[in-house]
Amino acid sequence: MFWDWNYVWEITPTLLRASVVTIQATLLGFLLAAVLGLVLAILRMSKTGWISVTAAGFVEFIRSTPVLIQIFFIFFVFPEFGIVLPAMAAGVIALGLHYGSYCSEVYRAGLENVPKGQWEASTALNLSPYITFRDIIIPQAIPPVVPALGNYLVALFKETPLLSAIAVLELMQTAKILGSQSFRYVEPITLVGGFFLVMSLVAAAFIRQLEAYLNRTLRNPGGAR
Amino acid sequence: MTTPMVKFDNVTKSYGALTVLDSLDLEIAPNEKVAIIGPSGSGKTTVLRMLMTLERINDGVIYVDGEPLTHMQKNGSLVPADERYLRRVRGNIGMVFQHFNLFPHMSAMKNCMEAPIHVLGLSKKEATERAAELLDMVGLGDKKDQYPSQLSGGQQQRVAIARALAMRPKVMLFDEVTSALDPELVGEVLNVIRRLGTEHNLTMLMVTHQMGFAKEFADRVCFFYGGKIAEQGKPDKIFSNPEEERTRQFLSAVLEAG
Ligand SMILES: Nc1ncnc2c1ncn2[C@@H]1O[C@H](COP(=O)(O)OP(=O)(O)O)[C@@H](O)[C@H]1O
Ligand SMILES: [Mg+2]
């Protein structure tokens, strides 16, 4: 029999539990990526040469190496330097760093698109750099880049199976274990694929809503210009 | 002789090889209204931007109310000012821009409250009162909660004037503040500036192409040409009897254009 419904019902609870881990890894990883990306983008705008160069170099380095190597590096090499992390933490940090670098480019585009006049008005009003970023620049820079950030959220989500390489009990790892116990891979792998498909579609719809909401409330609250 | 409110002392500004302002000397008395006129590219905007500390200067010193703006005292000598020092002294100056530069994501009120709260440390209540009073003064009492995109150009520019005034500057800079407006909206903005001139103790520098307004409003007119003040004097003198051929040519060209 190619497809066994009884087996499907049997493994569904286990897979659902694992999906919680996958979603946790996604959300935590993306939270890190979103914050780190913004910090990196702002550092890259620094007028102090070595700060912007260091930030740019970091971004370039992270983007030019595979995320799987970064995962292995944090999990297997960091302990050599006395930093021992649980697999889940190592995985989340690696995904966060990797996607943070991509997000920083997105933020940078958003920041550069804020008209120069907004900076000048902020200076003329003597706003501090912190307030300028927080109240003037970021609320205008982020709404237009939400779709691009959302794409990275979905991409990060779809890369969480890489964490199975360091034995995080997320969906993929769980499906592999189930498969090896029962010698049936069709159902667990198919279910996992289906889960990713559905969740990606849900996330994309959510991001569209969020984008519309941000556009209304943050960027252009008065309506069309 | 009182201390000038603004003093450019031998100020030079260049972009690479291009010298935009050449050894500028200019003193402006407290409460004086100075109109800056001149052809495009003559350095008018640059004068205001240097005073607003939006541009660094290459040489010379700018003083505001007797205090160096571009430089600070360090071990008994003047050295270029750092960001901290600039933040302290630039509070004396407010600027209104050609393209308003309002914060599009904030209502008219919020535009006028942002800096008083975060820079001057006003409470929300104080900032609200001050903003409301100023928006009333510029004739926008009924538009307080509107966003810039819901306002006409003239209204936006009046919000921008209120926003700058909320910081209680001693010097106000106006850079072609009516140039981006439809002709029928120019008057409402000029009226607000007129009221400022009579009701507030403000030193004003305005770059303008509104020769009629400059003639009636300014105490002094400076004609810029090629990064220098080619001629300056009382409006009557400059507009009816200029000494320089270049001034005459410029004025007739402007008048012809309408
Ligand atoms: N950021 C800049 N980089 C290079 N040149 C500039 C810059 N800003 C202004 N300039 C040049 O400086 C000159 C004076 O400009 P500006 O003060 O804006 O003139 P105005 O306001 O009288 O039209 C112009 O030749 C202009 O091209
Ligand atoms: Mg100009």
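A note on names: the letters A, B, ... follow the listed sequences, proteins ahead of strands, and every chain is numbered from 1. We use all heavy atoms of the structure for the numbers below, so side chains are in, but hydrogens, waters and symmetry mates are not.
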- Could you tell me which non-hydrogen atom of A/Pro147 sits nearest to which non-hydrogen atom of A/Ile207, and how far apart they are? CA-CG2, 4.2 Å
- Note on the structure: The interface call for B/Phe97 against chain A, heavy-atom contacts under 4.5 Å, is side chain
- Measure B/Arg163 against the heavy atoms of chain A and call it side chain, backbone, both or neither at under 4.5 Å. both
- Message: Cation-pi check for B/Phe224 against B/Lys44: NZ or CZ below 6.0 Å from the six-membered ring centre and within 45 degrees of the axis, yes or no?
- Response: no
- Under a 4.5 Å heavy-atom criterion, the part of residues 110-125 of chain B in contact with chain A comprises B/Glu114, B/Ala115, B/His118, B/Val119
- With ring centroids as reference points, do A/Tyr99 and A/Phe30 lie under 6.0 angstrom apart? no
- Most contact-rich option vs chain A, by heavy-atom pairs under 4.5 angstrom, among B/Arg90, B/His99, B/Met167, B/Met52, is B/Arg90
- Query: Which one of B/Leu102, B/Leu86, B/Leu54, B/Ile93 has the most heavy-atom pairs closer than 4.5 Å to chain A?
  - Reply: B/Leu54
- Query: Any side-chain donor-acceptor pair under 3.5 Å between B/Tyr85 and B/Gln73?
  - Reply: no
- Message: Check the orientation of A/Phe78 and A/Phe73. Use parallel for under 30°, tilted for 30 to 60°, and perpendicular for over 60°.
- Response: perpendicular
- Task: Give a yes or no on whether A/Phe76 atom CZ has more than 12 heavy-atom contacts from other residues, nucleotides or ligands under 6.0 Å away.
- Result: yes
- Message: Looking at B/Lys144 and B/Asp136, is there a salt bridge between them, counting it only when a charged N and a carboxylate O are closer than 4.0 Å?
- Response: yes
- Partner residues of B/Lys170 under the side-chain hydrogen bond (donor to acceptor under 3.5 Å, both in side chains) criterion, sequence neighbours left out: B/Asp65
- Does B/Asn201 have any side-chain hydrogen bond (donor to acceptor under 3.5 Å, both in side chains) partners at least two apart in sequence or in another chain, and if so, which? B/Asn31
- Note on the structure: Among residues 114-136 of chain A, residues within the sub-4.5 Å heavy-atom range of chain B, in order of number, are A/Gly117, A/Gln118, A/Glu120, A/Ala121, A/Ser122, A/Thr123, A/Ala124, A/Leu125, A/Asn126, A/Leu127, A/Ser128, A/Ile131, A/Arg134, A/Asp135, A/Ile136
- Task: Please tell me if the side chains of A/Pro66 and A/Gln70 come closer than 4.5 Å, counting only heavy atoms from C-beta onward.
- Result: no
- Task: Please round to the nearest 0.5 Å and tell me the distance separating atom CG of B/Leu190 and atom CE of B/Met206.
- Result: 9.0 Å
